[in-house]
Amino acid sequence: VFVPVLSRKTMSTSSWKPNLFVDVGKSVSDLLAYDFPYDASKLIVKTTTKNGVIFTSEGTRTDVGAITSVLTGKYTYKNALFTGKVDTTGKVMGECSLTNLVDGLTLILTGTAVPMAKLCAQYKHKYFAVAAEADVAGQLEGSLTLGYEGVLVGASSAFDTKKNVLGKIHGVVAYTCPDFEVTSFCRDKGKEYGATYFHKVNPNTQVGGEMKHNKETDANLFTLVGYHRVDADTTLKAKLDSSGKIALSYGQALRKGVTLTLCAQADATRLSDQAHKFGLALAVE
């Protein structure tokens with residue numbers, strides 16, 4: 001369940017640092033993605049043991065009747081985070097994340113039941129952030145962002161050492177202020193490009209938008225999204241895109257630790273068809 005930050009300290013040029021490439025534009029991507037379960041019904045149960053292990057159980061029934069569930073366990077010890085995950089498809093994943101080995105350096109080791117392991121290193125500095133990842137299959141990925149006083153440029157790419165092939169190349173340019181951020185991106189060597197914006201209007205209201213163009217299909221998609229906290233227990237979200245789809249979300253805290261989210265999506269271009277979707281999510285902590 002998306003819980004936006006309702007208060008943000010004023011960003012100063014001395015405290016601002018560039019994000020990792022994967023986190024650039026995350027504010028608007030989270031606003032667009034979370035709290036819109038219109039294609040499924042979800043039950044999320046989160047519990048914490050006495051020794052600090054956090055278990056999260058999530059069950060999902062999609063609009064076509066498929067049922068899946070995921071069990072995740074997390075444990076933090078000093079600067080180490082251990083994560084284990086298993087789902088009903090048989091996938092098993094384990095991860096160990098070590099933060100601040102030195103100032104700004106994070107190492108992440110991930111393994112799965114299918115013989116696969118990868119190591120990721122991330123480093124954040126006042127003026128740049130870099131990430132590198134390698135797995136046992138010979139895939140290498142790397143990214144770099146450079147930033148100064150809110151202005152950021154970055155790029156990422158991948159390389160297959162076994163096939164000696166350069167993978168997808170992505171680029172981004174962004175500008176961040178205390179109450180808004182704008183981002184321009186180019187993905188997969190220019191096959192898709194666009195821009196996003198995020199604006200925190202006040203502590204209870206946020207709006208965002210995304211425009212993207214796909215060169216292969218010559219398709220454009222523009223999406224607007226808004227969030228408003230009515231009171232301490234109630235939230236409203238709305239999303240509209242240029243294809244005619246309208247989604248509304250209503251979140252209600254039933255009591256402490258229990259939140260119900262109701263969502264509906266309508267296709268304005270097919271009002272007489274069975275194209276509309278409804279969903280809900282119940283989160284219990």
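You'll find the side chain of K237 reaches within 4.5 Å of the side chain of L31, heavy atoms only. Looking only at side-chain heavy atoms (C-beta outward), Q265 and C263 stay at 4.5 Å or farther from each other. Inter-residue side-chain proximity for L101 and N79 is flagged as met; some heavy-atom pair is nearer than 4.5 Å. Counting heavy atoms from C-beta on, the side chains of T261 and S249 come closer than 4.5 Å. No side-chain heavy atom of V182 sits less than 4.5 Å from a side-chain heavy atom of S184. Using a 4.5 Å heavy-atom cutoff, the side chains of F159 and N164 are in contact. The shortest distance between side-chain heavy atoms of V201 and V207 falls below 4.5 Å.
Residues satisfying the ring pair (Phe, Tyr, Trp, His ring centres under 6.0 Å) test with Y197, not counting sequence neighbours, are none. Under the rule for a side-chain hydrogen bond (donor to acceptor under 3.5 Å, both in side chains), Y123 has no partner lying at least two apart in sequence or in another chain. Residues meeting the side-chain hydrogen bond (donor to acceptor under 3.5 Å, both in side chains) test with S243, sequence neighbours left out: D241. Take H213 and apply the ring pair (Phe, Tyr, Trp, His ring centres under 6.0 Å) test, not counting sequence neighbours, and it matches Y193. Every side-chain contact (heavy atoms from CB on, under 4.5 Å) that Q252 has, sequence neighbours left out, goes to D233, T234, Y250, L254.
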Report task. With side chain to side chain contact (heavy atoms under 4.5 Å, CB included) as the test, would you mind laying out the steps for L152 and T176 before giving the verdict? Result -> CA-CA 8 Å; L152 178 147; T176 303; over 6 Å; no
Query raised in the report: What's the verdict on side chain to side chain contact (heavy atoms under 4.5 Å, CB included) for T68 and D87, showing C-alpha distance, side-chain angles and the deciding distance?
Result: CA-CA 7 Å; T68 60; D87 63 29; over 6 Å; no
Query raised in the report: Which is it for V230 and L236 under the side chain to side chain contact (heavy atoms under 4.5 Å, CB included) test, yes or no, and what are the steps along the way?
Result: CA-CA 7 Å; V230 179; L236 299 173; 3.8 Å; yes
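Relative ring orientation between F36 and Y38 is described as tilted, the plane-to-plane angle lying within the 30° to 60° band. The aromatic rings of Y77 and Y75 sit parallel, their planes meeting at an angle under 30°, below the 60° perpendicular limit.
Under a 3.5 Å cut-off, the side chain of H276 and the backbone N or O of D267 do form a donor-acceptor pair. Checking side-chain atoms of S41 against main-chain N and O of R61 turns up no donor-acceptor pair under 3.5 Å. The backbone N or O of L32 lies less than 3.5 Å from a partner atom in the side chain of K239, making a donor-acceptor pair. Here the side chain of T48 pairs no donor or acceptor atom with the backbone of I54 at under 3.5 angstrom.
L109 and V102 sit in two unconnected hydrophobic clusters of ILVMFWY residues. Membership requires side-chain heavy atoms under 4.5 Å apart, directly or through other members. Criterion: ILVMFWY side-chain heavy atoms under 4.5 Å apart, direct or through other members. Under it, M93 and L71 are not part of a common hydrophobic cluster. The hydrophobic clustering, which links ILVMFWY residues whose side-chain heavy atoms are closer than 4.5 Å, places M211 and F180 together. Side-chain heavy atoms closer than 4.5 Å link hydrophobic residues (I, L, V, M, F, W, Y) into clusters, and following such links, possibly through other members, connects L262 to L282. Side-chain heavy atoms closer than 4.5 Å link hydrophobic residues (I, L, V, M, F, W, Y) into clusters, and following such links, possibly through other members, connects L107 to L144.
Of all non-hydrogen atoms in V136 and K162, the two that sit nearest each other are O-NZ, 4.3 Å. When all heavy atoms of K168 and D188 are compared, the closest pair comes out as CG-OD1, 3.2 Å. In terms of heavy-atom proximity, E216 sits nearest to N214 at N-OD1, 2.9 Å. In plain terms, the two heavy atoms of S157 and G167 that are nearest each other are OG-O, 4.2 Å. The minimum heavy-atom distance between K215 and G190, with the atom names listed, is CD-O, 2.9 Å. Of all heavy-atom pairs between Y175 and E149, the closest is CE1-O, 4.0 Å.
One distance of note links NZ of K74 with OG1 of T56; it measures 7.0 Å at 0.5 Å rounding. A distance of 7.5 Å separates NZ of K245 from NZ of K277, quoted to the nearest 0.5 Å. Within the model, atoms CD1 of I169 and NZ of K189 stand 5.0 Å from one another, a figure rounded to the nearest 0.5 Å. To the nearest 0.5 angstrom, I44 atom CD1 is 10.5 Å from S57 atom OG. Separating the CD atom in E95 from the OG1 atom in T112 is a distance of 11.5 Å, to the nearest 0.5 Å. Interatomic distance, F198 CZ to T196 OG1, rounded to the nearest 0.5 Å: 10.5 Å.
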Extract all donor-acceptor atom pairs below 3.5 Å that involve side chains of residues 17-26 and protein atoms in other chains or at least two apart in sequence.
from: K26; atom 1: NZ; to: D30; atom 2: OD2; distance (Å): 2.6

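The environment of D103 atom CG is sparse: at most 12 non-hydrogen atoms of other residues, nucleotides or ligands sit within 6.0 angstrom. Remark: Y148 OH is loosely packed, at most 12 non-hydrogen atoms of other residues, nucleotides or ligands lying under 6.0 Å away.
Of the candidates H199, Q206, K200, E181, E181 is the only one forming a side chain to side chain contact (heavy atoms under 4.5 Å, CB included) with S27.
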